[in-house]
Amino acid sequence: MKFETRAIHVGQLPDPTTGAVIVPVYQTSTFAQEGLGVHKGYEYSRTGNPTRSALEQVLASLEEGKFGLAFASGLAATAAVLTLFQAGDHIVVGDDLYGGSYRLFEKVFKKFGIEPTFVDFDDIHAFKDAIRPNTKLVWIETPTNPLLKLIDIKALAKITKKAGVLLAVDNTFASPYLQKPLLLGADIVVHSTTKYIAGHSDLIGGAVVLNDKAIFDQLKFYQNATGAIPGPWDVWLTIRGLRTLSVRMREHDANARYLAKFLDKHPAVKKVYYPGLPSHPQHALAKKQMAGFGGMISIELKGGLKAVERFVKVLKIFRLGESLGGVESLMTYPAKMSHGSVPREERLARGITDDFLRISVGIEDKEDLRADLAAALVAAGKF
Ligand SMILES: *Cc1c(COP(=O)(O)O)cnc(C)c1O
């Protein structure tokens, strides 16, 4: 079956007791047992819940993996992967990544003795050079947040396989509709399902998908042992969202292509970051590795913070806020939001200037979105 069909049917057979076409919300903590040790496969909802099982199956299918595990958030899923390691282990991390993941590696797991080395994302050889005898994992995002850089997953997987190191890819920005890291040689895929997978900005969730049974067993044990599971209702909303992932992604992608071209030509815009533009340094890789370019665009305005302030004041459809991947368009100002805790010098060195904005392009009408940006850019351009 194709992706679109699997999104709607895998793990979602009619309910065996009632025939309900939609997976029910099994809002229950426990399950009645017929006798001592006799049950229908579910005992307690931390360990397993039928609604969660449905989500885990469909997510595994969409990522072309054997096993899926749902967590309470993207960061809970990331933390689960890190518990595969122990004090004295080393991990290599691409240096352009979600701020919360950076904080988790640097401020939480480091103190338990899992040492991260952050390497220059633009140089694939830097990953190879950073691998030591005690390295257990290479962690990347592609496209990255917020600079929308790409890395060749297949080429990196060759390096990690040769070194006997696991490769984990945070696939949140692309979604499985546009990119399938496991098929390119990655060992583990992580998602913040909060974003495109659930797609409606109404919940927080995460997931891990993989093929290796032994690693899955360890993660499943961890999921039950530490308990960072999503509740049945959030899981149900995630399933409801991901059934339309393909149609949403096509619209996000089409709208973003249209707006990126418009922004690229606009005199008030200094620079546009979008993998779909031929000027993007990894445009050729994006065409090869992804089935589209996605809905995320970053821009730099001309005129610094003042221009940004004028710009955001005029926006009517784009909501100013954190997050991404919902049906509604969002405008994020990383300097004061996602990267607010990064010292200014370091932020500038990473290319996140004072007039840098990240856009999550929604699936509203593209002309309405263009008109909204156009009006705000007139305001931004008044020096
Ligand atoms: C949002 C996000 C996360 C964290 O996910 P939460 O669901 O907020 O915990 C991780 N990685 C990326 C790329 C994200 O955008």
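When a ligand or atom number is given, it counts from 1 through the structure's own listing order. A quick note: this is a predicted structure, and the numbers were derived from the prediction, not measured.
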Student check: side-chain heavy atoms of Phe311 and Met331 closer than 4.5 Å = yes

task = Give the other cluster members for Val38, using side-chain heavy-atom distances under 4.5 Å between Ile, Leu, Val, Met, Phe, Trp and Tyr residues; answer none if it is isolated.
result = none

Filter the ligand 1-protein atom pairs down to N or O on both sides and distance under 3.5 Å, then list them.
| residue | atom | partner | partner atom | Å |
| --- | --- | --- | --- | --- |
| ligand 1 | 5 (O) | Ser192 | OG | 3.0 |
| ligand 1 | 7 (O) | Gly74 | N | 2.9 |
| ligand 1 | 7 (O) | Ser192 | OG | 2.8 |
| ligand 1 | 7 (O) | Thr194 | OG1 | 2.7 |
| ligand 1 | 9 (O) | Gly74 | N | 3.0 |
| ligand 1 | 9 (O) | Leu75 | N | 2.9 |
| ligand 1 | 11 (N) | Asp170 | OD2 | 2.6 |
| ligand 1 | 15 (O) | Lys195 | NZ | 2.7 |

inquiry  = Ring centres under 6.0 Å, that's the criterion: do Tyr273 and His280 meet it?
reply    = no

key: Pair His191 + Tyr196: ring centers closer than 6.0 Å   = no

side-chain hydrogen bond (donor to acceptor under 3.5 Å, both in side chains) against Gln12, all qualifying residues, sequence neighbours excluded = Arg243

Would you tabulate the side-chain donor-acceptor contacts of residues 134-141 under 3.5 Å, counting partners in other chains and residues two or more places apart, or write 'none'?
| residue | atom | partner | partner atom | Å |
| --- | --- | --- | --- | --- |
| Asn134 | ND2 | Gly88 | O | 2.8 |
| Thr135 | OG1 | His90 | ND1 | 2.7 |
| Thr135 | OG1 | Arg132 | N | 2.6 |
| Thr135 | OG1 | Arg132 | O | 3.1 |
| Lys136 | NZ | Asp89 | OD1 | 2.9 |
| Glu141 | OE1 | Tyr98 | N | 3.3 |
| Glu141 | OE1 | Asn145 | N | 3.4 |
| Glu141 | OE2 | Tyr98 | N | 2.6 |

